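Structure first, commentary second.
All of these numbers come straight from a predicted model, not from anything done at the bench. In listed order, ligands and their atoms are each counted from 1.
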Amino acid sequence: MDSDIRIVMVQTSHPGNIGAAARAMKNMCLSRLTLVDPRDFPCEEAMVRASGADDVLRDARVVPDLDSAVADCRVIIGASARLRSVPWPLLTPREAAALAQRAGGDDPVALVFGRESSGLSNEELDRCTHLVHIPTNPAYSSLNVAMAIQVVCYELMLVRDGDAPRGDVGNVPVRQATAAEMEGFFGHLAQALDDIGFTDERRSAKLLRRLRRLFHRATPDSEEVNILRGILSAAQGRKSMRR
Ligand code: SAH
């Protein structure tokens, strides 16, 4: 089965970057591009910069938000130019490619790239199960978005062709929960913490972010998410809470 590795670009401002990304993808034998709320697309400039990869642009999926782009994915890897203080599982491009290749045989995998101006928001990073950072000059770490896509797609091609060592980044359970299931769980968790009086508004955002990291790191499968939600419902004093 052809692996479904999709490149997701979030709110790209410059259509030229979308074209350059399509070209980078096609060079590396990738074709699935998803555009989240692009500022200017379709656009002649994107076609010009795609330079023969117009098929990738024509087939690109345009969606209104990141949730729509990744809802069916179990592995979602966000590309970040900055190293964050909250410890997301952080991969090198080579490790990210190995993970995507292994997980992508059965399920869609998303590699998510941020805006030229401000990257990905914390809320968008919350959707990601892993982060990838391209090693750079620490004092000048932000690549042009299409160039970042090029580096990651190159690693994906190497690992697909078996030319690069496959980094061991832990087991991906076969039925790892989807992003939609994880979001259902996180919503339930926030409500339950509130119901049992564990959080107050002031500190809950930070706490929830840490809990998200914890549960993403655990890569629960769908059944385990249901068990956790059952426990939450019990703590809330409900017999069951299904959404
Ligand atoms: N000014 C933004 C960076 C935007 S660069 C910031 O400070 O966050 C646009 C996008 O390219 C980023 O969101 C990221 O997805 C990707 N990118 C750029 N440099 C990268 C790097 N060194 N490693 C991983 N991704 C990078």
Worksheet item: Short N/O distance, under 3.5 Å, between Ile134 and ligand 1?
Response: yes

Worksheet entry | ligand 1 atoms in contact with Val132 (distance to a heavy atom under 4.0 Å) | 24 (C)

Worksheet item: Any side-chain heavy-atom pair from Met182 and Pro220 closer than 4.5 angstrom?
Response: yes

Item to complete: With heavy atoms of Thr136 as the reference, note each atom of ligand 1 found under 4.0 Å away.
Response: 22 (N)

Worksheet item: Met147: heavy atom below 4.0 Å from ligand 1, yes or no?
Response: no

Worksheet item: Backbone, side chain, both or neither: what part of Arg82 comes under 4.0 angstrom of ligand 1, heavy atoms only?
Response: side chain

Practice prompt. Determine whether the side chain, the backbone, both or neither of Ser117 has a heavy atom under 4.0 Å from any heavy atom of ligand 1.
Written response: backbone

Fill in: For Ser142, atoms of ligand 1 separated by under 4.0 Å from a heavy atom
3 (C), 4 (C), 5 (S), 19 (N)

Worksheet item: Any N or O of Ala79 that comes nearer than 3.5 Å to an N or O of ligand 1?
Response: yes

Worksheet, complete the sentence: ligand 1 atoms nearer than 4.0 angstrom to some heavy atom of Phe113 are 15 (O)

Worksheet entry | Gap between atom CD of Glu124 and atom CG of Asp67 - 0.5 Å precision | 9.5 Å

Worksheet item: Out of curiosity, Met47 CE to Ile18 CD1, how far, rounded to the nearest 0.5 Å?
Response: 11.0 Å

Worksheet item: Do any N or O atoms from the side chain of His216 and from the backbone of Asp126 form a donor-acceptor pair under 3.5 angstrom?
Response: yes

